[in-house]
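Here the structure is laid out as structure tokens; the discussion comes afterwards.
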Amino acid sequence: MAVGLVVLIIGIVVLATESLGKVNSFQRFSVAQGQGTVTFNSTGKYIAYYESPSVSSSTRTVPLFEVSLTGPSGATMVLDTLYGGNPLDVNGGDNEVNVLTYQYNGHNGIAMYQFTITQAGTYQVTLAHTNVAAPDAEVAFGTSIAAGTVAGVLLLVAGVLFGIAGLVLLIVGLVKRGKHKSELASAAYYGAYPPQQWQQPQQWQQWQQPQQWQQPEPQQPPQWSVPFPPEQPPPVQLHKPEQPPSS
């Protein structure tokens, strides 16, 4: 948000110094007057603007009439290049002018001609008699405000976008911070008061874990005491079977 605010301020400064701020310094006189003088302190590119209260940001057409400049050397230059680079068609053809308007401090204007000054000094300006201009119209001379206007508008848009992005990040950060605090508070509460574990009743535990039956130990067969054999076995008497009687 701070970056957005800084960019926004820079955009306002650019518009005030390099764009709309130049409007007050334009040299102007009324179309009804028909003539006047303009001083160009340096050489370079300049623009003749048509000013009238009827001009707005939605204006797309410019009343065109002849404008001529007579320089210090006595040479006369008739403006014949429309703003944007298209040549002027004196026969009323397709005179397309790039749209460059301003509304600042009571001056409503739109770019009409572009020209180049090769010799600094005071110029005599002559306007052809015309019925296409408004009775309260004026012609203003000055440098282009296009570059400053574009740069200022882009900076303003960037500042607004940075501000929105910063606001969104701030909201997200506050939500996360609140959630983190809630988690810390919950952890502290359960740390001080740990939840008691549910104890099964004793009978339930006994039913859940039945007693194990102990199998009887196998009994060893009785050991009979057998006397040791004598050192010498008793003599064995053999009896000869009786012979059957002879017939």
Side-chain angles (χ1 to χ4, degrees), residues 11 14-40 42-71 75-120 123-158:
V14 170
L15 283 176
T17 58
E18 300 298 328
S19 177
L20 299 178
K22 295 181 179 180
V23 173
N24 285 336
S25 62
F26 289 170
Q27 302 175 72
R28 54 180 56 89
F29 53 86
S30 65
V31 175
Q33 187 177 347
Q35 61 181 1
T37 58
V38 178
T39 301
F40 300 103
S42 60
T43 61
K45 295 181 179 180
Y46 291 86
I47 295 178
Y49 298 90
Y50 173 83
E51 292 187 348
S52 173
S54 61
V55 176
S56 65
S57 59
S58 61
T59 301
R60 293 296 179 268
T61 58
V62 184
L64 298 176
F65 46 89
E66 184 179 299
V67 178
S68 59
L69 302 175
T70 302
T76 300
M77 174 178 57
V78 179
L79 304 185
D80 58 359
T81 302
L82 302 176
Y83 177 70
N86 294 329
L88 174 65
D89 188 350
V90 295
N91 297 321
D94 186 14
N95 291 315
E96 184 178 354
V97 180
N98 288 0
V99 177
L100 176 61
T101 62
Y102 56 82
Q103 294 175 282
Y104 182 75
N105 201 19
H107 301 291
N108 298 354
I110 183 170
M112 185 166 51
Y113 294 109
Q114 65 183 40
F115 57 96
T116 302
I117 294 297
T118 58
Q119 182 182 5
Y123 284 72
Q124 183 70 32
V125 181
T126 302
L127 306 179
H129 180 72
T130 178
N131 295 324
V132 297
D136 55 356
E138 293 182 330
V139 176
F141 295 89
T143 57
S144 176
I145 63 172
T149 301
V150 172
V153 171
L154 291 178
L155 287 173
L156 290 178
V157 173

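What you are looking at is a predicted structure, and each value in this text was computed from that prediction instead of being measured.
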| query | Has the side chain of Arg60 got a donor or acceptor atom that lies under 3.5 Å from a matching backbone atom of Ser57? | reply | yes
| query | Atom NE2 of His107 and atom CD of Glu138: how far apart are they, to the nearest 0.5 Å? | reply | 7.5 Å
| request: Output, in order, the C-alpha distance, side-chain angles, deciding distance and verdict of side chain to side chain contact (heavy atoms under 4.5 Å, CB included) for Val38 and Leu69. | output: CA-CA 9 Å; Val38 178; Leu69 302 175; 5.7 Å; no
| request: Identify the heavy atoms of Ala48 and Leu79 that sit nearest to each other, and give their distance. | output: CB-CD1, 4.1 Å
| task | Working to the nearest 0.5 Å, report the span between CG of Leu64 and OG1 of Thr130. | result | 9.0 Å
| task | Calculate, to the nearest 0.5 Å, the distance between atoms CE and OH belonging to Met112 and Tyr83 respectively. | result | 13.5 Å
| task | Identify the two heavy atoms, one from Ile110 and one from Tyr102, that lie closest to each other, and give their separation to 0.1 Å. | result | N-CE2, 4.5 Å
| field | Closest heavy-atom pair and its distance - Tyr50, Ala134 | value | OH-N, 3.0 Å
| request: Determine whether Val78 and Glu66 make a side-chain contact, defined as any pair of heavy atoms from C-beta on separated by less than 4.5 Å. | output: yes
| Are Val67 and Val125 side-chain neighbours, meaning at least one heavy-atom pair lies under 4.5 Å? | yes
| query | Heavy-atom distance under 4.5 Å between the side chains of Asn86 and Val97, does that happen here? | reply | no
| note | When every non-hydrogen atom of Phe115 is compared with those of Met77, the smallest separation belongs to CD1-CE, 4.1 Å
| For Val55, does its backbone N or O pair with a side-chain atom of Ser52 as donor and acceptor, under 3.5 Å? | no
| task | In sequence, state the C-alpha distance, the side-chain angles, and the governing distance for Asp89 and Asn95, and then conclude on side chain to side chain donor-acceptor pair (under 3.5 Å). | result | CA-CA 6 Å; Asp89 188 350; Asn95 291 315; 5.8 Å; no
| message | Within the 3.5 Å criterion, strictly below it, is a donor on Tyr123 or Gln27 matched to an acceptor on the partner's side chain? | response | no
| said: Restricting to non-hydrogen atoms, name the atom on Gln124 and the atom on Thr37 that form the minimum distance, rounded to 0.1 Å. | reply: OE1-CG2, 3.3 Å
| field | Closest non-hydrogen atom pair between Asn98 and Gly84, with its separation | value | ND2-CA, 3.4 Å
| Mind checking whether Phe26 and Tyr49 have side chains closer than 4.5 Å, heavy atoms only? | yes
| How far does CD of Gln114 sit from OG of Ser144, to the nearest 0.5 angstrom? | 8.5 Å
| request: Using modelled atom types only, decide if a donor and an acceptor are shared between the side chain of Asn108 and the backbone of Ser56 within a distance under 3.5 Å. | output: no
| Do Thr70 and Thr76 have side-chain atoms, one donor and one acceptor, less than 3.5 Å apart? | yes
| Reported CD1-to-OG1 distance for the pair Ile145 and Thr101, which is rounded to 0.5 angstrom | 7.5 Å
| Are Ile47 and Tyr113 side-chain neighbours, meaning at least one heavy-atom pair lies under 4.5 Å? | no
| How many angstroms lie between atom CD of Gln119 and atom CZ of Phe40, to the nearest 0.5 angstrom? | 12.0 Å
